[in-house]
Amino acid sequence: MSNGYRSLDMKATIKKAAAVLLCAALVSPASAELSQKADVGWQYTTTTNGNNPPQSKFDEYYVHRTGGVLDYDMAYDKGDYDVNAYVHDMDQSYQNFKLGVNGGKEGLFTYNASWAQIPHELSYDAHTLYQNNNSVAGNYLTIPYPLRSLEQTSAQPLKNNLMLGYLSGAPFTTLQVQSDRGAVDFVYHPIKDATVSFGASRLHKEGTREVGAMISGASPVMLPVPINSTAVEAYVDLGYAKKDYQLDFRYDVSSYHNNYTFVTFDNPFQAGNAGATPAQGTISMEPDNIAHTFSLSGGAKLPYHTRFTAKVGYSLWEQNDALLPLTANPNAGPYANGVGIPNNAGGEIDVYTQDYKFTNTYFDKFRTSLAFRSYDYENHSAVINFPQGLIIRDSNAFSQGEGVTPYTNRYQYRKEDGEWQGDYDLTKNVSLNAGYQWEYKHEDREIPITNEHTVTLGTTYRPDANLLINLSYLGAARRGKGFDAYNYDAPQTPYYQETPGLVRFDIGDRNRNQGRLQVQYNRDTATYGFSLRETQDRYRPGQVPLNGITNITNGNALFEEYGVVQNDVGAAGFNMTQDFSSKFSVDANYEFDYSRMLLKGTSKGSGGNTSDAFDTAERIDQLTNVAGIDFNVKPTKEAKITAGYNFVQTIQHADPLNGAQFGGNDSIAGYTSNSLQATLSRTQTFSLRGHYQVTKDLGVSGRYLFQRYELNDYLTNSIPLIPNTSGVLYMGTVATGYTAQVIGFGADYKF
């Protein structure tokens with residue numbers, strides 16, 4: 001982990017680039033089969049956003065920072081084999097390389113091999129006190145000891161003032177993960193109609209990213225943890241294909257190894273173990289695991305123009321990493337040193353898949369298909385029992401009480417669906433299509449079983465060769481059964497962390513209506529398109545009583561389900577491409593998206609849109625406009641100029657769930673709360689590019705880019721790094737707007 005703008009080691013950069021170029025040179029002597037292109041240049045980038053650090057958002061679009069620009073591409077084709085290589089964005093923090101070789105003998109074997117390195121920059125302006133102590137296995141995150149010592153002996157709000165003071169002077173930290181991937185594949189034809197394929201790949205990731213953890217009870221903290229992992233995959237495929245039937249067997253294996261199985265970090269509010277309060281915390285990283293997959297697929301030609309295809313598979317997933325002790329604090333009594341839990345995870349999952357399909361084209365104008373699929377996720381992992389009285393915390397900070405033995409739950413899942421599709425050519429210019437799908441799910445949820453029936457109808461109309469009109473409709477009804485309130489009663493296990501009766505998007509009873517219209521017109525070099533789509537979801541509340549149970553812990557009555565009751569999403573868009581002459585063309589697009597969500601409250605007098613009991617109490621609206629236009633000009637044969645403007649704006653506003661929380665008075669009949677402050681994000685981008693071909697092989701170019709990002713986010717506006725009451729520490733800064741400009745020039749040469 002480094003501080004400030006990350007600067008990759010220049011010597012390492014040169015070595016990597018030289019390696020790629022050397023490989024290219026060794027296999028590609030000067031000849032007609034060789035093509036190369038180099039782009040060199042320099043540009044200046046400026047970003048302004050007041051006193052805040054530069055924003056990562058601007059760099060996410062691969063806009064170069066101030067400095068040199070160097071790209072190199074090479075391709076060499078020798079008939080029996082070809083080589084391609086590139087070095088892009090050299091000496092930038094997101095520089096990447098690739099080298100590939102392909103070849104073989106026609107009808108006998110083919111091969112290809114590749115290596116690539118692609119860094120991904122998550123953020124380069126993270127603001128944190130934590131630094132990696134590389135002297136302790138590279139996974140120990142520390143903060144300045146003087147701060148920890150002062151925090152331990154100070155009281156609120158002095159603690160917060162101290163923390164903010166250190167944060168204001170803390171360096172910025174780059175969060176970046178670099179991926180190196182090598183792969184090789186080989187295909188061999190031992191006899192006619194038979195194919196043997198095998199290959200392997202290795203993916204190594206190294207860098208730093210953010211991970212959430214807990215400190216001081218229930219206070220969250222973001223840690224800049226080191227990443228160092230390797231995934232190796234391999235496969236063998238045996239195939240035999242004749243005209244009337246085909247058969248294929250495949251085996252895949254994937255192994256993942258994490259060099260950092262856990263991360264230890266300092267408690268910023270505690271310099272040493274004091275009673276049950278630890279000085280350090282520990283969190284698990286992604287565990288080592290291995291997966292095996294066997295699959296058998298094939299197809300056969302049947303009578304009456306019917307074809308049958310099938311695929312069945314079995315996967316075994318295993319994970320048996322060592323478990324962390326309950327605590328590393330020797331003062332934690334019976335929970336110190338991992339008492340009461342096994343040494344290893346004992347994870348084992350079996351996955352069975354099936355996929356069968358019949359297709360028929362017996363009638364010239366009618367095509368139909370019938371399919372069935374299933375996915376069975378069976379969990380045989382070890383059940384881990386935790387000591388009674390142990391505090392188990394999750395995102396809801398739930399604490400399991402005395403007298404209860406919490407344990408891990410074996411989540412299992414099964415899905416089946418059948419589908420029929422039919423297409424009929426009514427006339428030469430009109431075709432009709434229809435379909436029906438049934439989907440069944442059974443999983444470990446508060447509503448374990450759901451069935452959904454879906455019907456689709458559509459038509460395509462082509463009045464002439466240039467015009468296409470497509471109209472489609474989808475109607476679906478999903479119903480759940482078996483609501484299990486038993487699992488919400490505190491003395492019972494497992495204890496779901498979801499609120500009883502809540503209407504969930506993925507399991508609640510739902511009626512869906514969806515329609516779409518698409519029009520496209522093509523003539524010569526012009527294309528015009530228009531699309532309109534609308535989706536309406538209506539969620540149906542449950543009824544009294546649910547499974548005959550009307551009360552759970554604390555006597556809360558499940559009168560009916562509540563939560564989302566309506567969700568509407570729609571969009572309309574237009575796009576065009578028009579060549580007005582051989583020297584001037586225009587590309588333009590516009591799209592308007594909207595969504596509207598209504599939620600049901602949980603108590604009487606909830607305010608919002610209405611004060612009626614259990615009626616709609618919250619409304620969330622979101623509107624998005626996306627527009628762009630590009631002008632392409634070719635004043636001469638050698639010159640090309642492109643100018644463009646893009647606009648993206650999203651506005652979201654909501655009515656509060658409970659008006660009293662925002663100064664309202666719910667006791668007033670018919671009271672309607674004021675909407676919350678709208679959240680607005682707007683991005684405007686103007687770009688200008690020019691290229692002039694000086695000679696056949698030499699070209700010069702220039703570019704200018706202007707971008708303005710505006711943000712007024714209600715959810716993050718005026719939120720301090722550390723609230724005065726809880727000592728919460730966030731890594732990073734609240735997103736703000738910026739204005740950025742890029743000016744660059746360069747030259748490209750083909751040789």
Side-chain angles (χ1 to χ4, degrees), residues 19-20 22-29 31-35 73-86 96-118 179-205 230-257 289-301 307-317 351-357 359 373:
V20 174
L22 178 60
C23 291
L26 290 176
V27 298
S28 55
S31 65
E33 296 91 351
L34 175 66
S35 62
D73 291 79
M74 184 278 295
Y76 176 69
D77 190 350
K78 192 59 177 175
D80 288 343
Y81 68 91
D82 62 84
V83 181
N84 56 83
Y86 69 65
N96 57 94
F97 311 90
K98 185 175 183 179
L99 175 65
V101 181
N102 305 278
K105 297 291 184 179
E106 184 177 358
L108 182 59
F109 71 90
T110 59
Y111 65 86
N112 62 77
S114 63
W115 170 75
Q117 180 184 95
I118 303 177
S179 301
D180 288 89
R181 186 180 188 275
V184 60
D185 296 277
F186 187 85
V187 179
Y188 175 56
H189 304 282
I191 60 174
K192 183 181 179 181
D193 303 324
T195 302
V196 178
S197 307
F198 57 88
S201 66
R202 180 182 185 272
L203 175 63
H204 180 74
K205 292 186 177 182
T230 303
V232 178
E233 298 182 347
Y235 72 91
V236 176
D237 191 289
L238 308 176
Y240 189 78
K242 299 291 287 184
K243 179 180 179 181
D244 294 336
Y245 63 90
Q246 301 82 36
L247 188 64
D248 186 89
F249 171 79
R250 182 181 176 102
Y251 166 69
D252 292 86
V253 60
S254 176
S255 175
Y256 174 83
H257 173 63
N289 58 79
I290 188 169
H292 305 270
T293 299
F294 304 86
S295 61
L296 181 65
S297 61
K301 182 181 178 182
R307 180 169 181 78
F308 172 71
T309 58
K311 182 176 182 179
V312 294
Y314 165 72
S315 297
L316 172 63
W317 304 347
V351 178
Y352 301 89
T353 58
Q354 301 178 74
D355 192 339
Y356 309 103
K357 187 174 185 179
T359 57
R373 296 174 290 268

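All values below were derived from every heavy atom in this structure, side-chain atoms included, with hydrogens, water molecules and symmetry-related copies excluded.
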Considering only heavy atoms from C-beta outward, does the side chain of [X] approach that of [Y] to under 4.5 Å?
X      : Y      : answer
Asn102 : Asn84  : yes
Asp82  : Glu33  : no
Leu238 : Leu247 : no
Thr230 : Arg202 : yes
Val351 : Trp317 : yes

Could you tell me which residues satisfy side chain to side chain contact (heavy atoms under 4.5 Å, CB included) with [X], sequence neighbours excluded, listed by chain and number?
X      : result
Ala113 : Val184
Ser254 : Glu233
Ala116 : Lys98
Ala183 : Ser114, Arg181, Ser201

Under the salt bridge (Lys or Arg N to Asp or Glu O under 4.0 Å) test, residues paired with [X] that sit two or more places apart:
X      : answer
Lys105 : Asp80
Asp355 : none
Asp185 : none
Arg307 : none

Quick one: list whatever passes ring-ring contact (aromatic ring centres under 6.0 Å, His included) with Phe294, sequence neighbours left out.
Tyr251
ring-ring contact (aromatic ring centres under 6.0 Å, His included) filter on Phe249, not counting sequence neighbours, yields none
Atom of [X], atom of [Y] and distance for their closest heavy-atom approach:
X      : Y      : value
Tyr111 : Gly104 : CE2-N, 3.4 Å
Gln117 : Asp180 : NE2-OD2, 2.9 Å
Gly239 : Asp248 : CA-OD1, 3.5 Å
Asp252 : Tyr235 : OD2-CB, 3.4 Å

Test of understanding: with side-chain hydrogen bond (donor to acceptor under 3.5 Å, both in side chains), list the residues that count as partners of Asp244, not counting sequence neighbours.
none
Can you tell me how the ring of Tyr76 sits relative to the ring of Tyr81, calling it parallel under 30°, perpendicular over 60° and tilted otherwise?
tilted
Please table the atom pairs, donor to acceptor, closer than 3.5 Å between any side-chain atom in residues 190-198 and protein atoms at least two apart or in another chain.
residue	atom	partner	partner atom	Å
Asp193	OD2	Lys242	NZ	3.1
Thr195	OG1	His189	ND1	3.4

Nearest 0.5 Å, please: how far is CG in Asp237 from OG in Ser295?
7.5 Å
Working to the nearest 0.5 Å, report the span between OG1 of Thr353 and OH of Tyr314.
11.5 Å
For the pair Val312 and Tyr352, evaluate side-chain contact (heavy atoms from CB on, under 4.5 Å) and give the outcome as yes or no after the intermediate values.
CA-CA 8 Å; Val312 294; Tyr352 301 89; over 6 Å; no
